[in-house]
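Residue numbers run from 1 in the order of the sequence given.
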Amino acid sequence: MDSQKITVAAIRAMKSRGEKIAALTAYDFPLTKLLDESGIPLIHVGDSLGMVVLGYPDTTHVTMAEMEHHVRAAARAKPKALLGADLPFKSYETPEQAVENSKRLAAAGAEFVKAEGGHEILDPVRAIISAGIPFCGHLGMLPQHAVEEGGYHVKGKMDPEHQALLEDAQALATAGAFAIVLELVTPPVAQELTQALPIPTIGIGSGPGCDGQILVTSDLIGMFPWFTPRFVKPRVNCAAEIKAAVAAWKNSLV
Ligand code: KIV
């Protein structure tokens, strides 16, 4: 094995050293390779795939077969980065189903799996970890539940929500999760969780107080210009660059 390969333990150690964890999503071979060559230590094949690559209106349409297909493509880049994958909607309803589907993603090349939820998914989470597959939690705004919740709402503003987040995060850490993604959690609550937990928090739209940050790469590089979350400042406008290059080539034809 490549001695520089980034492991789950290496990601956890970054928290102990106070080193920020930069994480990004990728869904295919070239993007995974580019992110890896840019020194990103954690690359995640998120089910945001459904929205930014496959053209679905939300993440609930993504299937296991689609996740496997894209995880295989990303894994062919053989990244030094730790490579994760999302368990898609309704693929982890029971411990048995969660283990079977986590094994499928691991066989496709995922080095950890992530699923959305807290106390309500603890049995599947414990089963995944007992099967030897590293697990990353995901709390706060849960995109797989956005349809039933009527949108993408910030979490942790109210006292009961704040308390539930603390309890769910502690429960996931005790169950053996190696990290937790905090999505759209109010920055003070995200910071409180980060200080309280022994494992890294990786924020998305949750303020600067997390141990790391993750973004959907398409948002960061302006590759999905039809919608950009308000907390992302694109660093390059790939959509405009592509259109300009295509127009220049078209106009050059004689
Ligand atoms: O699906 C996804 O891209 C995610 C994020 C946290 C980036 O889960």
Enquirer: Please report the shortest heavy-atom distance between Y152 and L184, naming the atom on each side.
Expert: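 Here Y152 and L184 meet closest at O-CD1, 4.0 Å.
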Enquirer: Just jot down the side chain to side chain contact (heavy atoms under 4.5 Å, CB included) partners of A169, sequence neighbours excluded, or say none.
Expert: L139, I180, L193, L197
Enquirer: With no hydrogens and no angle check, is any side-chain donor or acceptor of E66 less than 3.5 Å from a backbone partner on T63?
Expert: yes
Enquirer: Keeping S102 on the side-chain end and I128 on the backbone end, is there a donor-acceptor pair under 3.5 Å?
Expert: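 No, because the side chain of S102 does not come within donor-acceptor range (under 3.5 Å) of the backbone of I128.
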Enquirer: Quick one: does L172's side chain get under 4.5 Å of L122's, heavy atoms only?
Expert: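 Answer yes - side chains close enough.
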Enquirer: Taking the side chain from D36 and the backbone from K80, do they hold a donor-acceptor pair closer than 3.5 Å?
Expert: yes
Enquirer: If I compare all heavy atoms of F29 with all of R76, which pair ends up nearest, and what's the gap?
Expert: CE1-O, 3.4 Å
Enquirer: Are the side chain of K15 and the backbone of T194 linked by a donor-acceptor contact shorter than 3.5 Å?
Expert: yes
Enquirer: With a 4.5 Å limit on heavy-atom distance, are the side chains of V113 and Y92 in contact?
Expert: no
Enquirer: Would you name the heavy atoms of K20 and P208 that are closest together and state the gap between them?
Expert: NZ-O, 3.0 Å
Enquirer: In the structure I gave you, are the side-chain heavy atoms of P143 and E116 within less than 4.5 Å of one another anywhere?
Expert: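 Yes, close enough: below the 4.5 Å cut-off.
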Enquirer: Can you give me every donor-acceptor pair (side chain of residues 228-241, partner residue at least two apart or in another chain, under 3.5 Å) with its distance?
Expert:
from	atom 1	to	atom 2	distance (Å)
N237	OD1	A240	N	3.1

Enquirer: Indicate yes or no for a side-chain donor-acceptor contact from Q97 to the backbone of K90 under 3.5 Å, with no hydrogens or angles considered.
Expert: yes
Enquirer: Given side-chain contact (heavy atoms from CB on, under 4.5 Å), test F112 with I11 step by step and report yes or no.
Expert: CA-CA 12 Å; F112 72 86; I11 296 293; over 6 Å; no
Enquirer: When you look at H119 and E167, which way does the side-chain contact (heavy atoms from CB on, under 4.5 Å) test go after all the steps?
Expert: CA-CA 8 Å; H119 61 280; E167 287 172 12; over 6 Å; no
Enquirer: Please walk me through it: do E192 and H162 pass side-chain hydrogen bond (donor to acceptor under 3.5 Å, both in side chains)?
Expert: CA-CA 10 Å; E192 184 185 338; H162 176 175; 2.8 Å; yes
Enquirer: Quick one: ring-ring contact (aromatic ring centres under 6.0 Å, His included) partners of F135, sequence neighbours excluded?
Expert: none
Enquirer: Main chain of D28, side chain of K33: is a donor-acceptor contact present, judged purely on distance under 3.5 Å?
Expert: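 Such a contact is absent between K33 side chain and D28 backbone.
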Enquirer: If two hydrophobic side chains count as joined below 4.5 Å and joins carry through other members, does M51 share a cluster with L31?
Expert: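 Cluster IDs for M51 and L31 match.
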Enquirer: Out of curiosity, does V125 fall in the hydrophobic cluster containing F178 (side-chain heavy atoms, cut-off under 4.5 Å, transitive links)?
Expert: yes
Enquirer: Above 12 or not: heavy atoms from other molecules or residues under 6.0 Å from CE of M223?
Expert: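 Atom CE in M223 is not packed in, count stays at 12 or less.
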Enquirer: Kindly give the heavy-atom pair with the smallest separation between L87 and A98, and that separation in Å.
Expert: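 Closest pair (atom of L87, atom of A98, distance): CD2-O, 4.5 Å.
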Enquirer: I'd like to know if I129 and I202 are part of one continuous hydrophobic network [Ile/Leu/Val/Met/Phe/Trp/Tyr, side-chain heavy atoms within less than 4.5 Å].
Expert: yes
Enquirer: Ignoring hydrogens and geometry, is there a side-chain-to-backbone donor-acceptor pair from T59 to S48 under 3.5 Å?
Expert: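 No; judged by distance alone, with no hydrogens or angles, the pair does not exist.
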Enquirer: Using only atom types and a distance under 3.5 Å, with no angle test, would you say the side chain of Q213 pairs donor to acceptor with the backbone of G207?
Expert: yes
Enquirer: Look only at the side chain of N251 and the backbone of A247, and say whether a donor-acceptor pair between them is shorter than 3.5 Å.
Expert: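 Looks like yes, one N/O pair under 3.5 Å.
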Enquirer: For the backbone of P187 and the side chain of S206, can you confirm whether one donor and one acceptor N or O come within less than 3.5 Å of each other?
Expert: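 Absent.
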Enquirer: Are V181 and I133 connected into the same hydrophobic cluster when the rule is that any two of I, L, V, M, F, W, Y join if their side-chain heavy atoms are below 4.5 Å apart?
Expert: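 In one cluster: yes.
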Enquirer: Working note: D86 + H44, criterion side-chain contact (heavy atoms from CB on, under 4.5 Å); need CA distance, chi angles, decisive distance, verdict.
Expert: CA-CA 8 Å; D86 269 337; H44 186 62; 3.0 Å; yes
